[in-house]
There are 2 protein chains.
Amino acid sequence: MNEQHQEEMELDKARDRFITEIANNVHLYDITNSIGRLYGTIFFAEKPMTLDEMSESLGMSKTSMSTGVRALSEANMIEKAWEKGVRKDLYRTNPDWYKSFSTVFIKRWSQSAAKNHQALCDTKQKLQELSKNADSEEVKHKASLDLEKLRSAEAYYEWLNEVISLFETGEIFNIVPKRNEPSQKV
Amino acid sequence: MNEQHQEEMELDKARDRFITEIANNVHLYDITNSIGRLYGTIFFAEKPMTLDEMSESLGMSKTSMSTGVRALSEANMIEKAWEKGVRKDLYRTNPDWYKSFSTVFIKRWSQSAAKNHQALCDTKQKLQELSKNADSEEVKHKASLDLEKLRSAEAYYEWLNEVISLFETGEIFNIVPKRNEPSQKV
DNA sequence: ATCTTTGTACAGTTTTTTCTGTACGAACTT
DNA sequence: AAGTTCGTACAGAAAAAACTGTACAAAGAT
């Protein structure tokens, strides 16, 4: 009995090592540390989990589980599972990490790049207008200096957008192929 | 006079459009919104700025400017500038956005991927141990289920590491070439 | 129909992060 | 040497974010 309990604890410890690391890094996807732990917990669970089970398992309120589950769903990191005769909502992790994690990556970066680029264009347009038509020589001068600066930024964004579209189109998988099974070496 | 003032305001507004957007997105690099504004302000400044000028310009304390400048420097987004006979520290933005921004990108992601992968290996090892040698059949079973789950995660990390090394080695620039000047089309 | 069960909106509390003011060390000036 | 100027450490204040408990709507059971 005692040894068995010991082994259960070993198992939990092994899992916890991984869960903790996920929790520490998941902020890159705009997910909170504790919701990262939630993800890890669902990941290792034998079966899809209900909100109540999550709450129980993490010692957090059901409300938090509810909002956490929403965040994870939006990030495509978990999905609903259906089981006959079970009324409660069930969730399990999305097993395709390429899709779940890289979807988030694409979403965040393309969104950011698009917005930044849009802002750049707006600013550029106004500056061009000013550098042409302003009465004040000083303003004209400043505007053209600014335009100069925006050049390299614009080049960067064009490059970044192309990089992102590598991922959006899936072309990245031609360059770095998916691996369905990892190398078997230890 | 009045028109001139008007035009100055137009200039500021144009700049602000861009600065605000940067500030909103720079959290992807673990930089605060307000320090993002600081970056934008330095970016558009005619000359390298001192801490006092930043403080004055943003209406924030000099202390915040000091810590902000440190954060931006660590992210390789700004750099010190030297001017003869000026005692104060001067800062300007790093004009190479490829380097500054993509350096940060690489740092964050490779660090995160490495740590996660390391944790995965640790966990895997413990689980293998358990699935072989545990006395409890239940623990054995759970451990092997977990190992199964870790397979696809491992594949993902191997893939991710290769993707990141595309950036580290600069090979990405063979695939998506840098653009020194943007397309001249409007 | 009433009575449960389940998930979430919302307001308030706790925790964390950000920001500021004071104080001080280092470097420069005279 | 004493007197400035500058940048930052540190403690405390202000602001923001995370978390909880209550309350309620929707759906299911009886």
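Naming convention: chains lettered A, B, ... in sequence-line order (proteins, then strands); numbering from 1 in each chain.
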Participant: Quick one: does any side-chain atom of A/K149 pair with a main-chain N or O of B/A45 as donor and acceptor, under 3.5 Å?
Facilitator: yes
Participant: Write down the distance between CD (A/E53) and C1' (C/dT6), rounded to a whole number of angstrom.
Facilitator: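 After rounding, the gap between these two atoms is 14 Å.
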Participant: Return the value, rounded to whole Å, for the distance between atom CG of B/D89 and atom C1' of D/dT5.
Facilitator: 12 Å
Participant: Tell me if the side-chain of A/R87 makes a donor-acceptor pair with the base of C/dT6, cut-off 3.5 Å, by modelled atom types.
Facilitator: no
Participant: Taking only N/O atoms, report every protein-nucleotides 17-23 of chain C pair under 3.5 Å with atom names and distance.
Facilitator:
{"residue": "C/dC19", "atom": "OP1", "partner": "B/S34", "partner atom": "OG", "Å": "2.4"}
{"residue": "C/dC19", "atom": "OP2", "partner": "B/S34", "partner atom": "OG", "Å": "3.3"}
{"residue": "C/dT20", "atom": "OP2", "partner": "B/S61", "partner atom": "N", "Å": "2.9"}
{"residue": "C/dT20", "atom": "OP2", "partner": "B/S61", "partner atom": "OG", "Å": "3.1"}
{"residue": "C/dT20", "atom": "OP2", "partner": "B/S64", "partner atom": "OG", "Å": "2.8"}
{"residue": "C/dG21", "atom": "O6", "partner": "B/T63", "partner atom": "OG1", "Å": "3.2"}

Participant: Give a yes/no answer on whether the side chain of A/R70 brings an N or O atom under 4.0 Å of OP1 or OP2 in C/dA9.
Facilitator: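 It does, given that an N or O in the side chain of A/R70 lies less than 4.0 Å from OP1 or OP2 of C/dA9.
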Participant: Using a 3.5 Å distance criterion without hydrogens, assess whether the side chain of A/T50 forms a donor-acceptor pair with backbone atoms of A/D89.
Facilitator: no
Participant: In whole Å, I'd like the distance from the CG atom of B/D30 to the C1' atom of C/dT16.
Facilitator: 15 Å
Participant: Between C/dT6 atom P and A/M49 atom CE, what is the distance in whole Å?
Facilitator: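 Whole-Å distance recorded here is 15 Å.
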Participant: At what distance, to the nearest 0.5 angstrom, does CG of A/D96 lie from CE of A/M77?
Facilitator: 12.5 Å
Participant: Give the rounded distance in Å between these two atoms: CG of A/L90 and P of C/dG7.
Facilitator: 9 Å
Participant: Expressed in angstrom and rounded to an integer, what is the separation of A/I31 atom CD1 from D/dA18 atom P?
Facilitator: 11 Å
Participant: Can you measure B/E56 atom CD to D/dC6 atom P for me and round it to whole angstrom units?
Facilitator: 15 Å
Participant: Give the rounded distance in Å between these two atoms: NZ of A/K88 and P of C/dT4.
Facilitator: 17 Å
Participant: Using a strict 4.0 Å threshold on nitrogen-to-oxygen distance, state whether B/D16 and B/R37 make a salt bridge.
Facilitator: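 Judged by the 4.0 Å cut-off on N to carboxylate O distance, B/D16 and B/R37 do form a salt bridge.
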Participant: So which atom in B/M49 and which in B/S57 form the shortest heavy-atom distance, rounded to 0.1 Å?
Facilitator: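 Shortest heavy-atom contact: CE-CB, 4.2 Å.
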Participant: Please round to the nearest 0.5 Å and tell me the distance separating atom CZ of A/F44 and atom OH of A/Y39.
Facilitator: 10.0 Å
